[in-house]
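Let me begin by presenting the structure, written as structure tokens, before commenting on it.
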Amino acid sequence: ISPSSRRFTGVGSSPIEVTTCWKLTVSMLYTICEVLWETRRPAKHAHTYSPRKKLVTYLTASLRTQVIMAEFKRTNFSEHPRIFPKLMNFIFESHTPKIEFVALKQSVKSATDQVATLKRNQDNILSRLKAVERQVGLGGGAGGGGGA
């Protein structure tokens with residue numbers, strides 16, 4: 001079996017992985033059908049209309065469906081605004097182990113703390129620089145402070 005066929009048959013994958021992937025696939029297909037149904041809904045009862053109105057309703061719904069399908073194709077399906085959030089949610093939930101997520105949060109907190117420390121150090125250095133400038137007589141420039 002070639003590696004490309006394993007993607008679709010689930011050979012070499014655990015049953016849980018295969019089930020999870022099929023759930024995602026079904027969810028995406030359901031979303032596509034849902035979006036298409038929204039455009040076809042006006043034609044639901046078109047069979048009860050007069051022949052001319054029926055034809056116009058069916059034609060309009062069909063053309064709108066073609067536009068939606070072209071939009072899906074243009075965005076490669078997975079980047080469509082109705083599918084992309086579901087796909088990102090799936091990737092986040094299924095491919096980010098809890099331990100890695102906690103580690104990521106801790107590293108972000110550590111980086112945030114380091115930035116805050118650097119900001120405090122910068123403020124201290126600027127304060128010292130202003131004090132030195134005042135002592136030397138260079139103050140009053142960018143500080144905007146006036147005399148007493």
Side-chain angles (χ1 to χ4, degrees), residues 1-131 133 139-146:
I1 295 177
S2 69
S4 62
S5 65
R6 284 189 197 137
R7 287 184 292 180
F8 302 110
T9 61
V11 173
S13 300
S14 73
I16 293 173
E17 289 175 332
V18 172
T19 303
T20 304
C21 288
W22 275 112
K23 283 182 182 178
L24 174 65
T25 303
V26 168
S27 172
M28 292 173 83
L29 288 172
Y30 180 82
T31 302
I32 292 169
C33 291
E34 192 176 52
V35 172
L36 293 175
W37 170 244
E38 290 170 4
T39 60
R40 291 180 182 166
R41 191 178 326 189
K44 181 178 181 182
H45 298 291
H47 64 280
T48 61
Y49 298 163
S50 67
R52 184 180 185 105
K53 187 175 180 182
K54 180 191 318 184
L55 178 65
V56 170
T57 304
Y58 284 145
L59 182 62
T60 304
S62 297
L63 291 175
R64 286 182 181 163
T65 301
Q66 292 300 316
V67 169
I68 297 295
M69 284 305 297
E71 185 180 325
F72 273 113
K73 287 179 185 177
R74 184 178 47 79
T75 59
N76 291 326
F77 288 87
S78 62
E79 296 174 7
H80 190 272
R82 294 280 294 266
I83 291 180
F84 189 73
K86 293 180 182 187
L87 184 60
M88 288 298 104
N89 192 30
F90 167 77
I91 290 171
F92 180 73
E93 288 178 354
S94 64
H95 289 85
T96 306
K98 189 73 168 173
I99 293 170
E100 288 183 21
F101 181 69
V102 170
L104 180 63
K105 281 178 63 175
Q106 289 173 346
S107 67
V108 168
K109 183 180 182 330
S110 174
T112 304
D113 292 344
Q114 288 176 350
V115 168
T117 301
L118 290 172
K119 179 70 174 147
R120 277 194 307 274
N121 290 344
Q122 179 188 13
D123 291 343
N124 289 339
I125 291 170
L126 289 174
S127 297
R128 290 180 189 169
L129 181 62
K130 286 180 185 177
E133 286 176 344

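The figures that follow rest on heavy atoms only: side chains count, while hydrogens, waters and symmetry mates do not. As the structure is a prediction and not an experimental result, all values here were calculated from the model. The first residue of the sequence shown is numbered 1, and numbering continues consecutively from there.
- With contacts defined as side-chain heavy-atom distances shorter than 4.5 Å, the pair Phe72/Val35 qualifies.
- Listed by chain and number, the residues in a side chain to side chain contact (heavy atoms under 4.5 Å, CB included) with Leu118 amount to none (sequence neighbours excluded).
- Between Lys130 atom NZ and Glu133 atom CD the span is 8.5 Å, to the nearest 0.5 Å.
- Residue pairs that meet the side-chain hydrogen bond (donor to acceptor under 3.5 Å, both in side chains) test with at least one member in residues 114-129, sequence neighbours left out, are Thr117-Arg120.
- Contact between Leu87 and Ser78 at its shortest, heavy atoms only, is CD2-CB, 3.7 Å.
- If you take CG on Leu36 and CD on Gln66, they are separated by 9.5 Å, rounding to the nearest 0.5 Å.
- Among pairs with a residue in residues 26-57, none fulfils ring pair (Phe, Tyr, Trp, His ring centres under 6.0 Å), at least two apart in sequence or across chains.
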CA sep, side-chain torsions, deciding dist, call: Val67, Leu63, side-chain contact (heavy atoms from CB on, under 4.5 Å): CA-CA 6 Å; Val67 169; Leu63 291 175; 5.7 Å; no
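- Every residue meeting the side chain to side chain contact (heavy atoms under 4.5 Å, CB included) condition with Thr39, not counting sequence neighbours, appears here in chain and number order: Arg64, Thr65, Ile68.
- By the side chain to side chain donor-acceptor pair (under 3.5 Å) test, Glu71 is found to be paired with His80, residues two or more places apart in sequence or in another chain being considered.
- The list of ring pair (Phe, Tyr, Trp, His ring centres under 6.0 Å) pairs with a residue in residues 106-125, not counting sequence neighbours, is empty.
- Looking at residues two or more places apart in sequence or on another chain, you find no side chain to side chain donor-acceptor pair (under 3.5 Å) involving Asn76.
- Listed by chain and number, the residues in a side chain to side chain donor-acceptor pair (under 3.5 Å) with Lys109 are Asp113 (sequence neighbours excluded).
- In terms of the side chain to side chain contact (heavy atoms under 4.5 Å, CB included) criterion, residue partners of Lys86 (sequence neighbours excluded) are, by chain and number, Ser27, Thr31.
- Judged as a ring-ring contact (aromatic ring centres under 6.0 Å, His included), and not counting sequence neighbours, the contacts of Phe90 are His95.
- Residues satisfying the side chain to side chain contact (heavy atoms under 4.5 Å, CB included) criterion with Lys23, sequence neighbours excluded, are Thr19.
- In this view, Arg82 and Glu34, Glu38 satisfy the side chain to side chain donor-acceptor pair (under 3.5 Å) rule, not counting sequence neighbours.
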